[in-house]
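The block underneath contains the structure these notes are about, expressed in structure tokens.
The shown structure was predicted, so the numbers you read here are calculated from the model rather than taken from an experiment.
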Amino acid sequence: MPKIICEKCNEIINLSEIPSKNQWMIISDIHLDECWENDNINSDKLYSKMEIMVKCPNCQTLHVFWNGFEKKPQIYLPCSEKD
């Protein structure tokens with residue numbers, strides 16, 4: 001996936017650069033704990049347990065692909081600041 005369009009501001013988010021400054025890999029504490037083997041992290045298992053998150057560089061909206069890139073992401077909007 002070379003790019004996505006932000007659901008909030010329509011910014012084109014480039015993902016073709018590797019590593020990408022707009023793509024984040026996230027993992028739960030439980031899944032992280034499952035990746036330990038003999039006091040070492042199993043990097044293959046770690047990567048397979050991670051979810052992909054894309055952060056819009058313009059509006060900071062998060063697009064989390066809980067079910068892979070084949071499905072639409074869950075969108076998390078930043079809280080607006082109160083005056």
Side-chain angles (χ1 to χ4, degrees):
M1 175 184 293
K3 63 184 173 186
I4 67 168
I5 298 174
C6 179
E7 297 282 332
K8 182 179 177 191
C9 71
N10 293 318
E11 175 86 6
I12 296 173
I13 306 169
N14 183 3
L15 300 175
S16 61
E17 183 180 310
I18 299 175
S20 174
K21 61 184 175 187
N22 300 314
Q23 182 173 312
W24 300 67
M25 303 299 289
I26 57 176
I27 189 168
S28 72
D29 283 346
I30 291 170
H31 285 136
L32 179 61
D33 193 51
E34 293 171 356
C35 295
W36 285 98
E37 296 176 359
N38 302 319
D39 294 328
N40 293 304
I41 287 281
N42 179 320
S43 59
D44 291 333
K45 190 182 283 188
L46 175 71
Y47 190 79
S48 73
K49 301 274 185 186
M50 291 180 166
E51 305 293 346
I52 298 169
M53 180 178 73
V54 176
K55 182 179 176 185
C56 177
N58 182 52
C59 70
Q60 311 309 305
T61 294
L62 302 178
H63 304 76
V64 181
F65 293 85
W66 295 114
N67 300 305
F69 280 130
E70 300 79 37
K71 306 278 184 169
K72 289 194 110 193
Q74 177 70 45
I75 306 300
Y76 297 89
L77 300 173
C79 295
S80 46
E81 294 181 30
K82 295 186 178 187
D83 296 20

Subject >> Neighbour count >12 (heavy atoms, 6.0 Å) for atom NZ, Lys45 >> reply: yes
Original post:
Ile26 and Trp66: side chain to side chain contact (heavy atoms under 4.5 Å, CB included), yes or no, with the steps?
Top reply: CA-CA 10 Å; Ile26 57 176; Trp66 295 114; 4.1 Å; yes
Original post:
What is the distance from atom OG of Ser48 to atom NE2 of His31, rounded to the nearest 0.5 Å?
Top reply: 9.0 Å
Subject >> Joint cluster assignment, Leu46 & Met25, ILVMFWY side-chain distance < 4.5 Å >> reply: yes
**OP:** Determine, step by step, whether Ile75 and His63 satisfy the side chain to side chain contact (heavy atoms under 4.5 Å, CB included) criterion, reporting the C-alpha distance in whole Å, the side-chain angles of both residues, the deciding distance to 0.1 Å, and the verdict.
**Re:** CA-CA 5 Å; Ile75 306 300; His63 304 76; 3.1 Å; yes
Original post:
When you look at OH of Tyr76, are more than 12 heavy atoms from neighbouring residues, nucleotides or ligands closer to it than 6.0 Å?
Top reply: yes
**OP:** Hey, could you give me the CD1/NZ distance between Ile30 and Lys49, rounded to the nearest 0.5 Å?
**Re:** 10.5 Å
Original post:
Do Asn38 side-chain atoms and Asn40 backbone N/O form a donor-acceptor pair below 3.5 Å?
Top reply: no
Subject >> Closest non-hydrogen atom pair, Asn58 against Glu11 >> reply: CB-OE1, 3.6 Å
**OP:** Please report the closest heavy-atom contact between Trp36 and Ile41, naming both atoms and the distance.
**Re:** CE2-CD1, 3.4 Å
**OP:** Would you check if Lys55 and Leu62 make a side-chain contact, meaning some heavy-atom pair closer than 4.5 Å?
**Re:** yes
**OP:** Kindly compute the distance separating CE (Met53) from CG (Asn22), expressed to the nearest 0.5 Å.
**Re:** 11.0 Å
Original post:
Which heavy atom in Cys9 sits nearest to a heavy atom in Cys6, and how many Å separate them?
Top reply: N-SG, 3.6 Å
Subject >> Note, Ser20 side chain near Asn14 side chain (heavy atom, < 4.5 Å) >> reply: no
**OP:** Would you name the heavy atoms of Asp44 and Asn42 that are closest together and state the gap between them?
**Re:** N-OD1, 3.1 Å
Original post:
Can you check whether Thr61 reaches Glu7 side chain to side chain, under 4.5 Å on heavy atoms?
Top reply: no
Subject >> Considering all heavy atoms, the nearest Glu51-Phe65 contact >> reply: OE1-O, 3.4 Å
Original post:
Can you tell me how far the SG atom of Cys59 sits from the CD1 atom of Ile13, to the nearest 0.5 Å?
Top reply: 7.0 Å
Subject >> Ile27 to Leu32 - nearest heavy-atom pair and separation >> reply: CD1-N, 3.7 Å
Original post:
Mind checking whether Met50 and Ile52 sit in one hydrophobic cluster, side chains of I, L, V, M, F, W, Y counted as touching below 4.5 Å?
Top reply: yes
